[in-house]
Amino acid sequence: MLGLLGGEVLEKKKKLGAFLTLLLLGLAATLGALQVTPPEGESAQIGEELFSAERALTHLEVIGANPRVPGQPFHASARDYILDYLDQTGIEAEVQSVISISPDRRQVPFSAGQVHNIIGFLPGQDPLGTVLLMAHYDSVPTGPGVGDNAVAVAAMLETARALQEGERPRNNIVFLFTDAHEYGLLGARAFLNQHILAPEIDLVFNFEGQGPRGPVYMFETSESGRELIGGLSRAVSRPLASSLSGEVYELLNFDNDFRLFADQNYSGMGTAIVSDMAYYHSAQDNLERLDLASLQHQGEYVLGLANHFGNHDLENLEEEKLVYFNLTGDYLVYYSQFWVIPLAIIGAVITLLIWIIKRPKISGTLAGILVLLLGLGFGVGLVFSIKEIAGFDVNTYRSHYLQGGLAGIAIAITMALYYLTSRNYSPRDLGWGAIVCWNLLAIISAFFLPGGSYVFIWPLLAGLILYLLPEKMENFIPVGKVIAMAQVFFLVPLVLILYRSLTMELPELPTALIILLIGLVVPALKGSFSQLGWWLPGTALIVGLIFLLSGFAPPDEGHPLRNTIIYELDADQNQARWVTLEDRVDPWLEGFLGEDPERGEVRGLSPFFPREYLQNVAPTLDLKGPQVELMEETFLGENRLLRFRVYSPREAEVVNLYLEHGTEIVSSAIGGRFVTRQFAPEWYWGLRFLGLPVGGIELELVLPAGEEAKLLVVEQSFGLHQLKDAGWEPRPDYMMAHPDYYLQTDSIFISRDFKF
């Protein structure tokens, strides 16, 4: 009887130990997740030399109240507000008003525009160089752009004030508020190519955002490594950064303001609020969704970097490629990439020595490799299938629920495979399979993705500690559980950042990392499989399904449907139509297009590469279209020079110019700045000009003397509220303009043909 009771007590202790292991791993995951949360917003009562989110909020409430489209009133009023505030703080400021053009490309239309950069200059006490703080103040027309990028603008204004309260930095500080970022990075190009201060800049910090909530992450940097990364670690209280993100972002080849500077060999770094991409560029990027903690985090980056590098010797920034990552949210680890391959080799050598000395079961190791590969195959494959069937993408709402659900299902599959295999092999033997796989990943990443090698090297080295120690030691010291907690704590923040940045468009990568992590922590679960059985994968599956189903909900005011609508008028034919970029109509679009709209081409929207759009006849309004006046025609030897004035009587914000395909062009210029030289006839010439001045813009074409200039001119104005006479009705609360088509939707397009 006593033996039976003792056995029951022992079983209960084992079950309790199994649950305790899971609780400890859950605690490590929770603590890891907390490392990628922004700090709490500070009140206006803190010291004047410190950053206060509450003080910065006063700027944000003005700047972020409405969309700031170049050429529209709210854009001009935001510019005036920034200038006035810089003047109040005693910072000398100017507006750089110039025409900016994107590089000569064989893609159309080219981007150009009248930009108004705001430049503030704070002279240093004894300058050793000049630091540039940069953020764009324009927004897309489909939303007020609170997170993208009014938060950064407000943070820079609060920083401008705070720098005046303490001791002025030794170095010069330049505040650059770039214009027309959303329309081709035109403001940053204008400063780089046309402003006298550009050659004087030694260090560049660019501040961006995907939305109004989430942590601020340093996602790209130049190669000026050790002092730069070390300075970030000391300057910011929660300096979230990873050399993996820098390498991945470089591979993606996205453009941003900092990338333009880096391409011209400027040193510096770029940061961004890593937010829910479903609200990016949308009407939901608004003040109501703002998290003061994100504003505080952004501000601590701006002010911290200004203070630190404002007093740093900028003349001797050494270039060195580094590996860097957060050990905790408050601390950055960094070391030279020189050590990457040696560390990977050390891991492989230790693995080989342990194998020779301990001689683990070959069959168990092979089973561990097979289980991990099956977990990756089934888990990632199922996530991919669900994503494709459900149509998840970057705009999918409630992504945190969906990501949690997909992760839960993948964990359930992997745990089920390990449970079934643990009946024949010990978790420690199965863990050897994971060690082999992680060794392979560490070596591959060391050679081909050195900035991301830390993801595999350090968890691997930690895992090897368990196999270096006698197995019996675990009966007295829970080494395996401690190591597993450290591995979970280390990798969970990266998993969360990957989920946020890759969104529902690519959830497979963080899911794969979770499955690989399970393989590493399997030795710590040796009692859990035998004691909990199917309860472990079953619970993960149920929780995953609950999360996944929670992600599916009907649209509402907080999660509105997206759609597009355009009013297009052919002024020559005096014909108008409603057009949508969608493939089907919803109840609101039916009010414009009908239940069964026709499908056809719309030349004013896509003249060179025709596509068919759903459309319907619209009332023809008396709207004056674009005008082109020939100002000069001059023959230059075998060529003919034509100068035009292009303007909009309606003062539209944008004009699109298209030359008939096949026209031979010697050169072209807009506002006195060259667009193209020696443009081949087989290319397509088109130009999109943003911020059209009231008096218009001068276009210059040089053609062969016998070449005719056939121009299609399409003016565009954002906003359809003035079309009540054409039947315009605002969207219901559960709908909004589609943010992916911010350059086109909710616009009036008026086209005309001209021949010279």
Side-chain angles (χ1 to χ4, degrees), residues 36-39 53 56 60 64 132-140 143 145-156 159 176-178 181-182 185 187-188 204-222 228-229 232 235-236 238-262 268-282 285 289-291 293-305 324-326 329 332 394 399 493-494 496-503 505-506 739:
V36 288
T37 56
L60 195 55
L132 178 70
L133 308 176
M134 177 170 57
H136 71 88
Y137 74 96
D138 64 300
S139 80
V140 296
V146 168
D148 180 28
N149 195 31
V151 164
V153 173
M156 283 177 57
T159 294
L176 173 60
F177 302 86
T178 62
H181 164 92
E182 304 289 2
L185 314 180
V204 179
F205 297 108
N206 185 49
F207 307 101
E208 262 281 8
Q210 295 177 343
R213 54 179 62 229
V216 177
Y217 208 72
M218 195 283 283
F219 65 96
E220 61 175 341
T221 181
S222 63
L228 206 58
I229 300 303
L232 172 67
V236 182
R238 185 157 290 187
L240 302 179
S242 164
S243 51
L244 170 64
S245 63
E247 291 207 6
V248 171
Y249 190 82
E250 187 172 343
L251 291 173
L252 294 175
N253 199 30
F254 289 148
D255 280 339
N256 64 40
D257 286 350
F258 176 75
R259 179 64 63 85
L260 296 181
F261 282 80
M269 59 181 62
T271 73
I273 297 175
V274 184
S275 190
D276 192 336
M277 289 287 286
Y279 303 100
Y280 184 51
H281 282 174
S282 81
D285 183 9
R289 288 186 51 78
L290 173 69
D291 183 0
S294 299
L295 177 56
Q296 183 69 34
H297 204 193
Q298 185 74 280
E300 290 186 5
Y301 270 87
V302 182
L303 180 58
L305 292 169
Y324 53 91
F325 54 88
N326 286 93
L332 273 174
V394 67
S399 58
L494 178 61
L496 293 178
I497 288 294
L498 286 174
Y499 270 131
R500 275 182 174 266
S501 55
L502 298 177
T503 69
E505 192 167 34
L506 196 62

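One-based numbering along the sequence shown.
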Check for a donor-acceptor pair, side chain of [X] on one end and backbone N or O of [Y] on the other, with a separation under 3.5 Å.
| X | Y | answer |
| --- | --- | --- |
| Gln296 | Pro39 | no |
| Asp276 | Gly211 | no |
| Ser243 | Tyr324 | yes |
| Gln210 | Ser275 | yes |
| Tyr301 | Val216 | yes |
| Asn326 | Ala241 | yes |
| Thr271 | Phe219 | no |
| Arg213 | Arg289 | yes |

Nearest-0.5 Å distance, [atom1] of residue [X] to [atom2] of residue [Y]:
| X | Y | atom1 | atom2 | answer |
| --- | --- | --- | --- | --- |
| Thr221 | Leu232 | OG1 | CG | 8.5 Å |
| His281 | Ser139 | NE2 | OG | 8.5 Å |
| Ile497 | Ser242 | CD1 | OG | 9.0 Å |
| Ser399 | Tyr499 | OG | OH | 11.0 Å |
| Asp257 | Asn206 | CG | CG | 5.0 Å |
| Asn256 | Phe261 | CG | CZ | 11.0 Å |

Residues forming a side-chain contact (heavy atoms from CB on, under 4.5 Å) with [X], sequence neighbours excluded:
| X | result |
| --- | --- |
| Phe325 | Val323, Val333, Tyr335, Tyr454, Trp458, Phe490 |
| Thr503 | Met277, Val394, Glu505 |
| Ala293 | Pro38, Asp291 |
| Asn149 | Ala135, His136, Ala152, Glu208 |

- prompt: For Glu220, which residues count as a salt bridge (Lys or Arg N to Asp or Glu O under 4.0 Å) partner, sequence neighbours excluded?
  reply: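 Testing Glu220 for salt bridge (Lys or Arg N to Asp or Glu O under 4.0 Å), a comparison that skips the adjacent residues, returns Arg259.
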Residues forming a salt bridge (Lys or Arg N to Asp or Glu O under 4.0 Å) with Arg238, sequence neighbours excluded: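 Counting only residues at least two positions away or on another chain, Arg238 forms a salt bridge (Lys or Arg N to Asp or Glu O under 4.0 Å) with Asp330.
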Check [X] against [Y] and note the closest heavy-atom contact, atom names and distance.
| X | Y | value |
| --- | --- | --- |
| Leu260 | Ala188 | CD1-CB, 3.8 Å |
| Gly299 | Ala155 | CA-CB, 3.8 Å |
| Ala56 | Leu295 | CB-CD2, 4.0 Å |
| Tyr217 | Leu240 | CD1-CB, 3.4 Å |
| Asp148 | Gly209 | CB-O, 3.2 Å |
| Gly214 | Ile273 | O-CG2, 3.6 Å |

- prompt: How far apart are the C-alpha atoms of Leu228 and Ser222, what are their side-chain angles, what is the distance that settles it, and do they pass the side-chain contact (heavy atoms from CB on, under 4.5 Å) test?
  reply: CA-CA 9 Å; Leu228 206 58; Ser222 63; 3.8 Å; yes
Close side-chain approach of [X] and [Y], heavy atoms under 4.5 Å:
| X | Y | result |
| --- | --- | --- |
| Met269 | Phe205 | yes |
| Phe207 | Leu305 | yes |
| Val151 | Ser294 | no |

